[in-house]
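Note that the coordinates shown come from a computational prediction; the quantities given were computed from them, not determined experimentally.
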Amino acid sequence: MTDTHDDSGTFEPVLGPAENESDDEDFGTDEDPFGEADDEAASTLALFEGDTGGLSLAQRRALVVLLKNRFVSADQRPAEWRVIREDPAPIKSRLNDLFLELHIDERYEVAFKRQAWTDSGAREFPTLLHDTAYTREETILLVFLRHRFQSEQNAGHDDVTVEYDDLVTHVAAFRPASDTNRSGGETAARNAVERLIKSDVLARTNDTARLRISPVIAVLLPLPRLRELWDWLVNENVSDQEIAT
């Protein structure tokens with residue numbers, strides 16, 4: 001049993017022509033009987049010829065980042081997080097068009113997408129997302145990182161770091177006694193660490209030996225899920241030891 005997860009150039013806006021002020025006093029009111037003000041506002045969002053999109057450049061960038069990644073966090077992508085948090089409605093609308101839901105966790109400052117389901121609970125919609133199983137080593141690390149993050153947070157530490165080599169050593173503690181390929185096991189552990197760095201669960205620091213744990217770990221593994229995975233790891237380790245004896 002393993003947990004699962006999902007797996008530009010700069011454009012200058014093409015602005016519409018400036019409108020000349022009318023000398024006719026009948027058009028000097030706040031109302032626009034012909035809806036021209038709306039057309040002008042929409043045209044200022046165009047980024048290329050024929051562009052009818054309704055999002056600003058910053059909103060489009062944030063949407064693309066959210067679609068390409070499992071989540072957007074304030075610590076890893078502050079600009080995109082700020083855009084989504086300040087005005088989530090248009091981003092949510094675009095995701096809904098793709099049968100996706102937008103979730104924002106204010107406490108840990110993380111935004112993520114999730115597949116939409118029908119009211120009956122059966123997934124009947126087309127999906128852009130696919131589930132990819134975490135490896136055994138990644139699952140071990142995720143559980144360890146969640147425990148570490150929770151412990152440090154309870155102690156009042158907002159910035160939680162961990163030694164790279166400690167992660168590799170922790171994975172090795174779960175290696176079955178029958179597995180004598182220590183070199184292969186270490187390689188698998190280091191690859192798991194690198195994949196968690198690539199997915200922004202871990203971040204490099206100025207100290208090459210230390211990694212920062214992203215608050216997103218709390219969103220990826222809520223406490224009930226953490227307990228479930230921990231029980232699975234303990235039981236699996238016991239089973240491996242029994243087989244070895």
Would Leu57 and Val83 show up in the same hydrophobic cluster when neighbours are defined by side-chain heavy atoms closer than 4.5 Å?
no
Taking the side chain from Gln153 and the backbone from His157, do they hold a donor-acceptor pair closer than 3.5 Å?
yes
So does Arg82 pair up with Asp87, basic N to acidic O under 4.0 Å?
no
Side-chain contact, heavy-atom cut-off 4.5 Å: Pro215 with Phe149?
yes
Quick one: are Tyr134 and Arg195 in side-chain contact, heavy atoms under 4.5 Å?
no
For Val110, which of Leu220, Asp75, Val216 qualifies under side-chain contact (heavy atoms from CB on, under 4.5 Å)?
Val216
Phe125 and Trp117: which non-hydrogen atoms are nearest, and at how many Å?
CE1-C, 3.8 Å
Determine, stepwise, if the pair Glu137 / Asn191 fulfils side-chain contact (heavy atoms from CB on, under 4.5 Å).
CA-CA 9 Å; Glu137 291 78 14; Asn191 288 341; over 6 Å; no
Would a 4.5 Å heavy-atom cut-off, applied to side chains only, mark Leu102 and Arg114 as touching?
no
Rounded to the nearest 0.5 Å, what separates atom NE2 in His103 from atom NZ in Lys92?
9.0 Å
Evaluation steps, side-chain contact (heavy atoms from CB on, under 4.5 Å), between Leu45 and Thr52
CA-CA 8 Å; Leu45 296 174; Thr52 61; over 6 Å; no
From CG (Asp200) to CD1 (Ile217), nearest 0.5 Å
12.0 Å
Going from CZ on Phe144 to CZ on Phe174, what distance comes out if it is rounded to the nearest 0.5 angstrom?
10.0 Å
Value rounded to 0.5 Å, distance of CG in Leu167 from CG in Leu145
5.5 Å
Just so I know, are the side chains of Arg70 and Phe112 near enough to count as touching, which here means a heavy-atom distance under 4.5 Å?
no
Any heavy-atom pair between the side chains of Ile104 and Trp81 that's under 4.5 Å?
yes
Ion pair Asp51/Arg60, N-O distance below 4.0 Å:
yes
Give the C-alpha distance, both sets of side-chain angles, the deciding distance and a yes or no for side-chain contact (heavy atoms from CB on, under 4.5 Å) between Leu196 and Leu142.
CA-CA 9 Å; Leu196 293 183; Leu142 285 170; 4.0 Å; yes
Measuring from atom CZ of Arg94 to atom CD1 of Ile91, what distance do you get when rounded to the nearest 0.5 angstrom?
8.0 Å
Check ion pair Glu109-Arg85 (N to O, under 4.0 angstrom)
no
Please lay out, stage by stage, how Arg182 and Arg175 fare under the test side-chain contact (heavy atoms from CB on, under 4.5 Å).
CA-CA 9 Å; Arg182 294 185 178 277; Arg175 184 182 300 118; 3.5 Å; yes
Interatomic distance, CD1@Ile140 vs NE2@His170, rounded to 0.5 Å, equals 6.5 Å
salt_bridge(Glu186, Arg190) N-O dist < 4.0 Å
yes
For residues 201-213, please give each side-chain donor-acceptor pair under 3.5 Å, one per line with the distance, not counting sequence neighbours.
from: Arg204; atom 1: NH2; to: Glu194; atom 2: OE1; distance (Å): 2.7
from: Arg204; atom 1: NH2; to: Glu194; atom 2: OE2; distance (Å): 3.4
from: Thr205; atom 1: OG1; to: Asp207; atom 2: N; distance (Å): 3.2
from: Thr205; atom 1: OG1; to: Asp207; atom 2: O; distance (Å): 2.9
from: Thr205; atom 1: OG1; to: Arg210; atom 2: O; distance (Å): 3.0
from: Asp207; atom 1: OD1; to: Ala209; atom 2: N; distance (Å): 3.0
from: Arg210; atom 1: NE; to: Thr161; atom 2: OG1; distance (Å): 3.1
from: Arg210; atom 1: NH1; to: Glu163; atom 2: OE2; distance (Å): 2.7
from: Arg210; atom 1: NH2; to: Thr161; atom 2: O; distance (Å): 3.4
from: Arg210; atom 1: NH2; to: Thr161; atom 2: OG1; distance (Å): 2.7
from: Arg212; atom 1: NE; to: Asp159; atom 2: OD1; distance (Å): 2.5

Here the pair of heavy atoms bringing Ala62 nearest to Ile84 is CB-CG1, 3.9 Å
Using a 4.5 Å cut-off on heavy atoms from C-beta on, say whether the side chain of Tyr164 contacts that of Val193.
yes
Note, Leu66 side chain near Glu80 side chain (heavy atom, < 4.5 Å):
no
Less than 4.5 Å apart, side chain to side chain, heavy atoms only: is that true for Asn69 and Arg77?
yes
Applying the 4.5 Å side-chain criterion to the ILVMFWY set and letting contacts propagate, would Val72 and Val64 be lumped into a single cluster?
no
With distance as the sole criterion, is a donor-acceptor pair present between the side chains of Glu138 and Thr135 under 3.5 Å?
yes
Would you confirm whether Ser151, through its side chain, and Arg148, through its main-chain N or O, come within 3.5 Å as a donor-acceptor pair?
no
